[in-house]
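Have a look at the structure below before the remarks.
Hydrogens, waters and symmetry mates are skipped; everything else that's a heavy atom, side chains included, is used. Atoms within each ligand, like the ligands themselves, are counted from 1 in listed order.
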Amino acid sequence: MSDTPQTMRAVQLLNYDGRPESISFVENLPVPRPGPGQVLVKVAASPINPSDLAFLAGMYGFKKPLPTVPGFEGSGTVVANGSGTMARFLRGKPVACTVADAKIPGGMWAEYVVTSAQMCIPLAKNITMEQGAMMLVNPISAWAMVDEARKAEHKAIVQTAAASALGKMVVRLAKRFSLPVINVVRRPEQVELLRQIGAEHILDSSTADFDAKLKDLCQQLSATYGIDAVAGELTGRVLRAQPKGSRMFVYGGLSLKSCEIEPGSLIFEGKVVAGFWVSAWLARKSLLEKLRIAKQVQALLTTDLKSEVQAQLPLQEAAKAIEQYMKHMSAGKVLIIP
Ligand SMILES: NC(=O)c1ccc[n+]([C@@H]2O[C@H](COP(=O)([O-])OP(=O)(O)OC[C@H]3O[C@@H](n4cnc5c(N)ncnc54)[C@H](OP(=O)(O)O)[C@@H]3O)[C@@H](O)[C@H]2O)c1
């Protein structure tokens, strides 16, 4: 800790109302100290994800006491550690880390962050801080959902918000395993975007014949595994199109609406709707399994699980960074760089 300053620059969230005025930049926040089992990370980069937007608006799965530093995931170097084997092992290493846990008070949009050593993954030599910063939320989720579909021997996947960073990962990963994907997007430009990365089945939900085409494709390819990041009426429309006995995992709520599902889909067609949350999925894995997953994900981080970056902005421009990201979500991640 000897070289670490006493204070740091950071972004602070003052209110859970999603308003730009509730985000402020501060220059003299005390640098947090790692406790037992924790590490202090000098932050290199942190993306803005939909989960961060939900958190800022008070709509995530938990809230932290205010004021708090936002930013759920990122990369950096471990510069100090508390007690514990894992915390000691990580000292000096470049890591991907997350603070998406109600018990961790701080966030990644700062020069330094304290997190649990269990929530850090050492970065392989070929992984840049930029790609490492975006490793723990989307790549692991995409990997998990495609892996679950393969293990349960589903013949095809149908996914919504397919032009998202995660959606593109699902497209590339499923292709690697010869698993067809039906991609639902909401704008014609996104159809072209997905064509460029090799997607085969793409449907625009804004077109008049969308429901009929979706049903035909889902039945033809036997798309019994659905993954939905939009919620609202789209969940029910996709579920209706899927074959009897299908599974649908809702993992995002981009429409900010409740899922609308016809009871008949559940009662008479044996379809099941459940949620997917990467934090809970990872928590069910042993340390050994987590390390195996981290190795597999890192091996694909510059190819199938790559994230595009549209801009990099400093901490003091966090509000501008959020605005830019919200206007152009399909154009890639906006990284916050301390
Ligand atoms: N549950 C979990 O564990 C977990 C883990 C990782 C990610 N996620 C979720 O995965 C989703 C994708 O994340 P990401 O980082 O890949 O997103 P992203 O790259 O920022 O892209 C978001 C995409 O969603 C589209 N979109 C936004 N609002 C929409 C709406 N109302 N209807 C349809 N499409 C909409 C955007 O299209 P436009 O360009 O047209 O706006 C864009 O293509 C998010 O919901 C996120 O919360 C969940």
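Compare Tyr60, Phe72, Phe276 by their heavy atoms: the one nearest to atom 2 (C) of ligand 1 is in Phe276. For atom 11 (C) of ligand 1, the candidate residues are Ala229, Ala280, Gly252; the nearest heavy-atom contact is made by Ala229.
Heavy atoms of His328 come nearer than 4.0 angstrom to ligand 1 in no pair at all. For Trp281, the heavy-atom gap to ligand 1 stays at 4.0 angstrom or more. Taking a 4.0 Å cut-off on heavy atoms, Lys168 fails to register as neighbouring ligand 1.
Shortest contact from atom 3 (O) of ligand 1 to any protein heavy atom: Val278 N, 2.7 Å. Here the protein heavy atom with the shortest distance to atom 15 (O) of ligand 1 is Lys333 NZ, 2.5 Å.
Of all atoms in ligand 1, numbered sequentially from 1 with element shown, those under 4.0 Å from a heavy atom of Tyr325 are 18 (P), 20 (O). Near Val137, meaning under 4.0 Å from any of its heavy atoms, are these atoms of ligand 1: 5 (C), 6 (C). Listed by atom number, the atoms of ligand 1 under 4.0 Å from Ala165 heavy atoms are 16 (O), 18 (P), 19 (O).
With a 4.0 Å heavy-atom cut-off, ligand 1 is reached by the side chain of Val230 but not by its N, CA, C or O. Of all the heavy atoms of Ser164, the ones lying under 4.0 Å from any atom of ligand 1 are found in both the backbone and the side chain.
Note on Glu262 versus Arg240: salt bridge recorded, some NZ/NE/NH1/NH2 to OD/OE distance being below 4.0 Å.
Polar contact with ligand 1: absent for Gly253 (N/O pair, distance under 3.5 Å). For ligand 1, the polar-atom distance check finds an N/O of Asn138 within less than 3.5 Å of one of the ligand's N/O atoms. An N or O contact shorter than 3.5 Å links Arg186 to ligand 1 by distance.
With 3.5 Å as the limit, one finds no donor-acceptor pair spanning the side chains of Gln242 and Gln219.
Between Ile182 and Leu221 there is a side-chain heavy-atom pair separated by less than 4.5 Å.
Both the sub-6.0 Å distance and the 45° axial angle are satisfied by Arg150 relative to the ring of Phe177.
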